[in-house]
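Quick note: numbers below take in every heavy atom, side chains included, and nothing from hydrogens, waters or symmetry partners.
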Amino acid sequence: MPTVIVDGREIEIGADERLNCIEAARRAGTEIPHYCWHPGLSVVASCRMCLIEVGSRDAETGKISMVPKLVPGCQTPAKDGTVIVTQSSTVIESRARVEEALLIDHPIDCPICDKAGECLLQDYHFEHGKAERRADILPFTSKKRDVGPTVTLFADRCIMCTRCVRFTREVSGTGELMVNSRGSKEEIDIFPGYPLDNKLSGNVVDLCPVGALGDKDFLYQQRVWFLKRDEGVCGGCSAGCSIHVEHNQDTVYRLKPRENQHVNKWWICDEGRYGWHHLHDPQRLVEPTHRQSGQSLPTEWSHVVSELRANLNAAVSTGGRLGVAVSPMLTVEEAWMLCTLAREIDPQALLAVGHVPSRGEDESFPGGFTIRGEKCPNRVGVEHVIAAFDPTVPKWESLLESVEAGRCSAVWITAAYPPAGSRPAAESEPWIDEATAARVARLCEQTGTCLVVQDLFESPLSAHATWLLPAAGFAERSGTWVNHAQWAQHFERAIRPPSGVWPEGRLFWNMLGRRGLYDPAAIRREAAAASTALAALAEDLPSVGLDLRLQQLATT
Amino acid sequence: MPPFEPVLLEAIGTPESHTIASYRARGGYAPFEKLLAEKQPVDVIELVKSAGLRGRGGAGFPTGLKWSFLPKDHPGPVYLCVNADESEPGTFNNRILMEDDPHQVIEGTMISSYATRATTAYIYLRYEYPHAWDRLQAAIDEAYAAGLLGKNIKGSNFSLDIYLHRGAAAYICGEETGLIESIEGKRAWPRIKPPFPAIEGVFRKPTVVNNIETMACVAQIARRGVDWFRSIGVPADPANPRDPGSYGPKLYCLSGHVEKPGCYEAPLGITLRELINEYGGGVWKGRKAKAAIPGGISMGLMTEAEFDTPLDFKGPGTVGCMGLGTAAVVVIDETVSIVDFLHNSCRFFAHESCGQCTPCREGTNWNLRILERIRAGKGRLKDLEILLENGTTMGMMPGSTICGLADGAAWPIKNVIHKFRDEFEDYIKRTNPEGWMVTDPVPALQIVGAH
Ligand SMILES: Cc1cc2nc3c(=O)[nH]c(=O)nc-3n(C[C@H](O)[C@H](O)[C@H](O)COP(=O)(O)O)c2cc1C
Ligand code: SF4
């Protein structure tokens with residue numbers, strides 16, 4: 001195994017790993033500071049923050065010969081015998097000088113800068129900079145300006161790492177950003193008339209190590225040190241990008257991509273990034289209602305737990321079936337409980353995959369990132385669950401047909417679809433149109449079929465519901481989603497739902513008569529034991545998730 | 001010293017020197033045709049190697065050696081870039097060659113392309129040379145018409161196209177990898193090396209970058225032979241196997257405070273004093289010289305006492321200059337303030353830093369601001385320490401930058417402060433009697449940027 005020596009510590013790296021010195025040092029627990037280098041972008045070695053001393057150790061004699069000057073860690077490959085020195089006085093002084101240089105014409109307006117608290121310039125300055133300021137140069141001035149619908153540029157704070165420019169050239173492939181002027185007067189800009197407007201634009205803000213690129217959606221909303229971050233998964237499409245949900249006091253303030261080489265690398269799309277506003281939409285359903293004798297009245301959850309089950313039992317005792325639409329917004333655990341519950345009520349219950357929303361085609365970008373046309377996170381997981389109960393895995397359309405044919409005496413439709421395109425619910429098309437809703441509702445109304453609808457917002461269907469139950473948003477539920485490529489990821493809720501809302505998992509758990517609090521892990525183990533496809537879920541998942549197929553291969 | 005018979009400049013001042021007829025009459029293009037018919041490319045590389053030609057673009061890198069770094073048996077294409085960005089302050093010899101004897105340059109380009117198996121050559125011309133553009137383009141057209149360029153030249157299986165490419169006025173486009181980026185249509189941000197252009201250059205293909213004067217030398221070596229070339233200049237030091245010597249004629253650009261500024265051809269190794277007195281007619285107005293730049297502003301200054309140093313590839317280095325550079329000699333007389341000189345130098349580099357590397361982008365600007373403050377009577381002795389610190393830490397040599405511009409910006413600072421420290425200190429004390437001794441950090445910012 002190739003051995004790299006980091007500050008005197010030997011570490012082994014993989015035989016055919018291609019690491020640079022920053023990555024190799026990180027393996028040894030040593031952080032080499034850097035601004036311009038990013039593993040997802042080309043190497044430019046221009047910020048010079050990662051300068052280190054390197055040398056090589058002769059395999060035979062063990063003699064170490066050093067390169068007689070500083071080299072950038074990002075550009076220097078770590079090979080067998082590479083000696084990396086990150087703590088010599090030359091290195092320490094060089095870092096202090098780079099920090100000093102970067103602050104020469106920086107406005108140092110941290111008190112009014114949104115990046116303060118998560119700014120690399122701040123952090124590195126504390127760690128590597130000097131307290132004394134020797135330069136007497138007034139800060140570079142340049143007006144803050146919109147560079148596109150999502151991003152504001154504070155050009156005076158920029159340190160010219162060009163990560164954003166490289167992102168638009170190499171990852172989004174749109175090339176809107178460029179460097180204008182030269183030397184200390186240069187700045188990032190757009191070409192006149194061509195704003196930064198692409199479906200991945202928000203990533204440039206994440207890449208910005210300082211406060212130069214601000215996300216308009218987040219600017220001045222919250223000081224970052226008030227935010228708590230939880231690992232989550234984006235529910236915007238079937239890619240299931242790993243995210244961090246950043247929130248405070250049960251309010252989400254922003255979503256950030258979470259590195260996951262198996263799923264989304266370092267990126268997320270704008271639709272996902274801004275697709276959390278519906279969580280706090282005032283139009284959300286926040287209390288269960290029950291319609292009796294033509295009148296819809298609010299009711300208590302405890303009442304729902306007991307009465308709903310009685311209601312459904314009564315309905316199926318007339319000889320009709322219970323038809324259930326299992327929404328691809330539900331987690332595997334929730335879906336498992338719903339199917340179990342349905343089969344307890346009616347051993348022949350019709351379990352169908354709920355409506356699968358889709359908009360457009362898959363869209364791939366040069367950096368190897370794809371936005372999926374299927375706009376729900378867990379169709380695959382729900383199909384696996386249903387397959388354990390009914391190998392034919394009926395679809396939404398077949399449920400509709402059964403209802404129309406009068407075969408169902410009770411229908412339970414779980415939905416929880418966020419409004420399309422991350423718009424406010426009031427301006428967005430509901431997930432179900434009048435005509436489709438009518439196909440279900442007409443017969444239910446004629447025959448008095450019990451219709452349960454569980455959703456985030458009112459829809460053409462909800463008006464006809466016997467039971468209208470509020471659903472949870474993506475950051476409010478816990479469980480597992482399986483993406484389009486069978487990649488399973490587990491997450492815990494980041495925030496509590498609005499008061500009055502029980503997440504689906506809690507309702508199903510209680511209706512199943514289980515004790516204590518909803519425990520997704522227990523359900524997951526049950527599902528894993530009963531289903532080969534889900535067998536991998538028996539163990540705790542790593543935070544990046546895992547490929548269900550590996551386990552499927554192993555068990556078949 | 002016997003007057004030197006100019007070779008590179010032989011036609012300058014003769015009528016119609018820029019035409020193919022004039023060039024042919026002098027024996028031009030016959031050497032190329034002969035090499036093409038009789039020699040293999042490797043033989044041509046050997047020819048240039050044995051002549052001991054070193055690049056005239058500034059670094060003095062042996063040209064034949066550079067060519068031999070190209071990968072063997074590469075399927076191609078291989079590119080030759082002729083560097084005519086000539087932006088080093090004080091340098092103008094490329095311009096004279098291009099304007100008045102463009103065919104000499106083009107023949108050199110053809111021979112070099114043949115040697116390197118390049119089938120496309122770009123001449124990267126600085127923006128400010130419209131006349132050179134016209135002359136070069138006309139010469140290229142003439143060469144095509146004469147069947148010297150194009151497909152299967154003179155019935156051989158060698159093909160070559162030469163394109164003129166015009167820059168947009170930036171010093172950094174002369175740095176070879178900045179030039180390559182610029183040819184590719186990008187911002188001229190020098191590339192990180194390795195890979196060097198010989199392995200990955202224009203369009204990621206093997207590439208050689210050579211200066212215009214180097215091309216002219218190649219043409220003359222082909223015409224007059226290795227022995228002629230080696231008979232001129234300073235031979236390699238036999239005691240030092242790593243010294244490649246300084247052979248051949250050199251075009252010295254003499255300007256500044258001399259009676260007769262101009263571009264003069266002399267053997268490598270002429271001393272600065274000989275150049276000023278025998279070619280430049282002495283320092284102007286009967287004054288004494290204070291110092292001179294030996295080869296473009298990046299090289300630093302030689303004081304009057306150092307004027308007997310030979311201007312070959314080794315000489316300037318022995319007196320604390322970076323090197324011979326472009327052999328652009330700018331003389332400053334005794335009336336010039338050294339503070340003004342350094343200010344001017346800093347202004348140039350602050351304006352020309354491409355802005356990629358933090359130490360160069362911010363350092364050149366900081367140096368300029370300090371010099372501005374010193375000139376405004378607010379200097380402090382401590383500023384000299386800061387300047388020296390910047391001067392020793394910026395550049396490829398300490399490893400803090402990507403290209404050599406920063407070294408060129410730093411060199412004059414440390415060189416000039418070492419050589420003229422007394423004058424700096426006097427100036428600062430005289431102009432800032434109250435504050436010259438202050439060592440406190442300059443007060444922090446008065447304003448906080450607000451949006
Ligand atoms: C900042 C900078 C500017 C340069 N400008 C020029 C130039 O204008 N012309 C030139 O021939 N070489 C210039 N050079 C040198 C080139 O990088 C390169 O070494 C040269 O063109 C090689 O040619 P030669 O081997 O014929 O000397 C510059 C180098 C640096 C670092
Ligand atoms: S050293 Fe200066 S000019 Fe050269 S690449 Fe870096 S910033 Fe640009």
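Contacts between residues 388-396 of chain B and chain A, defined by a heavy-atom separation under 4.5 Å, are made by B:Glu389, B:Thr393, B:Met396. Interface with chain A: from residues 428-435 of chain B, no residue qualifies, criterion being any non-hydrogen pair under 4.5 Å. Proximity to chain A at a heavy-atom threshold of 4.5 Å picks out B:Ile192, B:Lys193, B:Pro194 from residues 191-199 of chain B, in numerical order. Residues of residues 177-190 of chain A placed with any heavy atom under 4.5 Å of a heavy atom in chain B are listed by number as A:Val179, A:Asn180, A:Ser181, A:Arg182, A:Gly183, A:Ser184, A:Lys185, A:Glu186.
If you measure heavy-atom distances from A:Glu100 to chain B, the contacts under 4.5 Å come from the side chain alone. Interface remark: B:Ser400 contributes backbone and side-chain atoms alike to the contact with chain A (heavy atom separation under 4.5 Å). For a residue to count as touching a neighbouring chain, one of its non-hydrogen atoms must lie under 4.5 Å from one of that chain's; by this rule A:Leu102 touches chain B with backbone and side chain alike.
The environment of A:Tyr194 atom OH is sparse: at most 12 non-hydrogen atoms of other residues, nucleotides or ligands sit within 6.0 angstrom. The local environment of NZ in B:Lys378 is sparse, with at most 12 non-hydrogen atoms from other residues, nucleotides or ligands closer than 6.0 Å. Within 6.0 Å of the NE2 atom in B:His351, the count of heavy atoms belonging to other residues, nucleotides or ligands does not exceed 12. Atom OH of B:Tyr127 sits in a sparse spot, with 12 or fewer heavy atoms from other residues, nucleotides or ligands closer than 6.0 Å.
Taken from CG in A:Asp136 to CZ in B:Arg380, the straight-line distance is 7.0 Å, to the nearest 0.5 Å.
Here A:Arg97 is the residue among A:Met160, A:Arg97, A:Glu132 with the most heavy-atom pairs under 4.5 Å with chain B. The greatest number of non-hydrogen atom pairs below 4.5 Å with chain A, out of B:Ser353, B:Cys360, B:Gly363, is found for B:Ser353. With chain A as the partner, the residue from B:Glu352, B:Lys382, B:Arg361 showing the most heavy-atom pairs under 4.5 Å is B:Arg361.
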Under the side-chain contact (heavy atoms from CB on, under 4.5 Å) criterion, do A:Tyr35 and B:Thr358 qualify, and how do the steps go?
CA-CA 11 Å; A:Tyr35 293 105; B:Thr358 308; over 6 Å; no

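Summarising the geometry of A:Val44 relative to B:Ile402, their closest heavy-atom pair is O-CD1, 3.4 Å, with the distance given to 0.1 Å. For the residue pair A:Arg48 and B:Pro359, the shortest heavy atom distance occurs at CG-CD, 3.5 Å. Minimum heavy-atom separation, A:Ile104 to B:Glu362: CD1-O, 4.2 Å. Between A:Ile137 and B:Trp366, the shortest heavy-atom contact is CD1-CA, 3.7 Å.
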